[in-house]
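Letters A, B, ... mirror the listed sequences (proteins, then strands); counts begin at 1.
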There are 2 protein chains.
Amino acid sequence: MNLKELSQILGLSQTTVSRALNGYPEVGEATRRRVQEAAAAHHYRPSTRAKGLATGRAMAIGHVIPVSTRHEIVNPVFADFIAGAGETYAAKGYDMILSVVDDDREARTYRDIAAKRNVDGILVHGPELNDPRIALLTELGLPFVVHGRASGVALPYSWLDVNNTRAFRRATDFLLDLGHRRIALVNGLEEMDFAARRRRGYEAALLARGVAPDPALMRSSEMTENYGHEAAAEMLRLPDPPTAFLTASMISALGVRRAIEDAGLKMGRDVSIVTHDDDLGYLRNGDGADPIFTATRSSVREAGRLAAAMLLELVADPDRTPRSRLMEATLVVGQSTGPAPQQAQAALSQRR
Amino acid sequence: MNLKELSQILGLSQTTVSRALNGYPEVGEATRRRVQEAAAAHHYRPSTRAKGLATGRAMAIGHVIPVSTRHEIVNPVFADFIAGAGETYAAKGYDMILSVVDDDREARTYRDIAAKRNVDGILVHGPELNDPRIALLTELGLPFVVHGRASGVALPYSWLDVNNTRAFRRATDFLLDLGHRRIALVNGLEEMDFAARRRRGYEAALLARGVAPDPALMRSSEMTENYGHEAAAEMLRLPDPPTAFLTASMISALGVRRAIEDAGLKMGRDVSIVTHDDDLGYLRNGDGADPIFTATRSSVREAGRLAAAMLLELVADPDRTPRSRLMEATLVVGQSTGPAPQQAQAALSQRR
DNA sequence: CATCACTGCCAAAGCGCTTTGGATATCCGC
DNA sequence: GCGGATATCCAAAGCGCTTTGGCAGTGATG
């Protein structure tokens, strides 16, 4: 069923039918109703391709998911982010086009996307330090919003990010307040901007209390369970092991917990963990009241919704000056943190 | 840069340029080279929309991701499946269009997709028992491949699935061989076809050994860490608790492990776990040689690659009779399983 | 009563590509 | 030197929509 057929059935011109369906005022109310009913009855939906050709708008947004060739890992937060973004797109009638692409062929991919003209805008995932994609997309003139930021990029651009520095500074402060001094950082890949910011927050908090950051307590890699386990296990074997861990994701926190238990220690009593929690649907941090992990929490799904909305605004008015939005993470206290061991003993003896 | 401009630059007709780029024989070799070079130099890529209009092919595949309104959960295996499918699409020049949709509005979504004609085929995720989508898509005449199967649907259709029944039957046999008799099943939602099949495999294995399936040892819900924890914790409090768990995913297995440890027991010694392992990038089951969990393993990413390839074949030749492919899961033995406790003692006393 | 401003509709052009149906030039064998 | 392949190229139609520019008909205005 296409416009032509529908208009013949109705005995109207294509013009009138098109206008009736798109809400233009030049068509009588009675006619409009008649057209709408016929369209519904025949399951008519205009062809996206033809509509796009005629209007110059693709009614689609591109998401480019970088997959590192070395690691073959898809960041599991994408699923939730995309679910959030998808809600926004669906509500506004946009499609979402996904490109999964090796990170070494990204530049070419973006060029192709721009040339093929099948999206009106792009959502950029996983920005790195000095990420070249921002300059490239600016040059290509394609509206885009970055999920995260790229330190070192001077150009203005739109982004939506979590205040990672502040979140990790607060988390570190929280552990310092509990008496911890040997605090380990199990970070994400430090090429990634978010990881760099988290580290800065962590270091700033330590320095503010006169604790020198110890390189032996800082690790950086993909955020997998195995890596969390390996990093924590190694650090726990140090002569002067950490009494607390700061981890970049729930998944790596699970690995850290496993290492703690392997060492015969108890999380929350012998060793504390604070993790960042993206509030993923399938990996909720406890049910409401009493979270398992003390965590800096920020919903990545909500981030998806908001980032998508920002991008659609930008698409509607490309000359708009870049917008940005900084989401604050909530520090939720769970069962994974407690006073530093010595501290705990001191408190115990005081009470006696 | 569009075809018209490019052909003017070259002093050729649009016809010739189009044919040169699409590999038609009616164009001289020298001309072809000249055209190809100019196209590359000017970063020319034909507009997908226009090409689609002219050819009637969208060069895109739709993936509809159901999100249950009740649970707000995106199955984390989608990320890896889609990464796999994306590889296949990229290699063949196809785009992937993602629709995230409430499962109560699915029928309408599929109708819309068909009417909008912006995909050449659909990959169906998360089939349920008697899934109505198969009949709907067949009626709509849109090529599709189901990731999984739908028991109870009589129509022929193309699918790619893991042999879930066999995998869980083998896993159960493995536990029975180790002397376990109280084996719990922490399953996914039983509306889902894969969960129903796994249960059947589990029950068949028990019955074959004369062990009556105990409803108190069977749970079914979303595959989250919390749910695994809750289900296992409750079952471990039974007067006659299970000595082994069979879980539907690594994530729920992590929850089960937590419950085991909460109860002061040790996984692999006091209580065994066998889980299904989708071989997700960010949640590898140990590094190679010595897996953490004993598991039935099958790469969902590989499934994505293969399912996408099947779908593209179907799109190329829609009259082709439906194909199917059953992938076998490998049973890998890790540290999470051991002889049933009484059995272990018997073995110990024998050795003395 | 002629004029004017709407109202409600339509024919046709155009979006950027592919493809049909030639047209022209070249080359072959006889 | 001529009919017929063969090799190259082109003009124009068409894909399904939106949108421009009109054109009747209607009621109000002077």
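- The CD1 atom of B:I65 lies 8.5 Å from the OG atom of B:S99; values are rounded to the nearest 0.5 Å.
- Near DNA chain D, meaning a heavy atom under 4.0 Å from it, residues 35-59 of chain A has A:Y44, A:P46, A:S47, A:A50, A:K51, A:L53, A:A54, A:T55 in order of number.
- The salt bridge (Lys or Arg N to Asp or Glu O under 4.0 Å) search around B:K116 returns A:D95, not counting sequence neighbours.
- At a cut-off of 3.5 Å, with distance as the only test, a side-chain donor of B:T16 or B:S13 sits close to an acceptor on the other residue.
- Residues from residues 113-122 of chain B lying near DNA chain D, meaning a heavy-atom separation below 4.0 Å, are B:R117 in numerical order.
- Environment of CZ in A:R32: crowded, with over 12 heavy atoms of neighbouring residues, nucleotides or ligands closer than 6.0 Å.
- Using cut-offs of 30° and 60° for the angle between ring planes, the A:Y89 and A:Y94 rings count as tilted.
- Between B:F144 atom CZ and B:L311 atom CG the span is 10.0 Å, to the nearest 0.5 Å.
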Show the numbers, then the answer: is there a side-chain contact (heavy atoms from CB on, under 4.5 Å) between B:H42 and B:I9?
CA-CA 10 Å; B:H42 294 87; B:I9 289 175; 3.9 Å; yes

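- Atoms OG and CG, from A:S47 and B:N118 in turn, are 8.0 Å apart once rounded to the nearest 0.5 Å.
- Under the 4.0 Å criterion applied to side-chain N and carboxylate O atoms, A:E302 and A:R305 are assigned as salt-bridge partners.
- Between the C1' atom of C:dG22 and the CD atom of B:E26 lies a distance of 13 Å, rounded to the nearest Å.
- For the atom pair B:I97 CD1 and B:L123 CG, the distance stands at 13.5 Å (nearest 0.5 Å).
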Please determine whether side-chain contact (heavy atoms from CB on, under 4.5 Å) holds for the pair B:V315 and B:R57, giving the CA-CA distance in whole Å, both sets of side-chain angles, and the decisive distance to 0.1 Å.
CA-CA 10 Å; B:V315 164; B:R57 328 188 69 228; 3.8 Å; yes

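- Looking only at side-chain heavy atoms (C-beta outward), A:R323 and A:V145 stay at 4.5 Å or farther from each other.
- For DNA chain D, the neighbouring residues in residues 1-21 of chain B, judged by any heavy atom under 4.0 Å, are B:G11, B:L12, B:S13, B:T15, B:T16, B:R19.
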Please step through side-chain contact (heavy atoms from CB on, under 4.5 Å) for the pair B:V17 and B:Y44, ending with a clear verdict.
CA-CA 11 Å; B:V17 176; B:Y44 169 75; 5.7 Å; no

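- For the helix from C:dC1-D:dG30 to C:dC30-D:dG1, the axis fitted to the five pairs at one end and the axis fitted to the five pairs at the other end meet at an angle of 60° (nearest 10 degrees).
- The one candidate from B:W159, B:F78, B:F81 that meets the ring-ring contact (aromatic ring centres under 6.0 Å, His included) condition with B:H147 is B:F81.
- Interface limits on DNA chain D: the 5'-most and 3'-most nucleotides within less than 4.0 Å of chain B heavy atoms are D:dT8 to D:dC17.
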Salt bridge (charged side-chain N to carboxylate O under 4.0 Å, His left out) assessment of B:R320 paired with B:E313
CA-CA 9 Å; B:R320 167 193 290 265; B:E313 281 177 28; 3.6 Å; yes

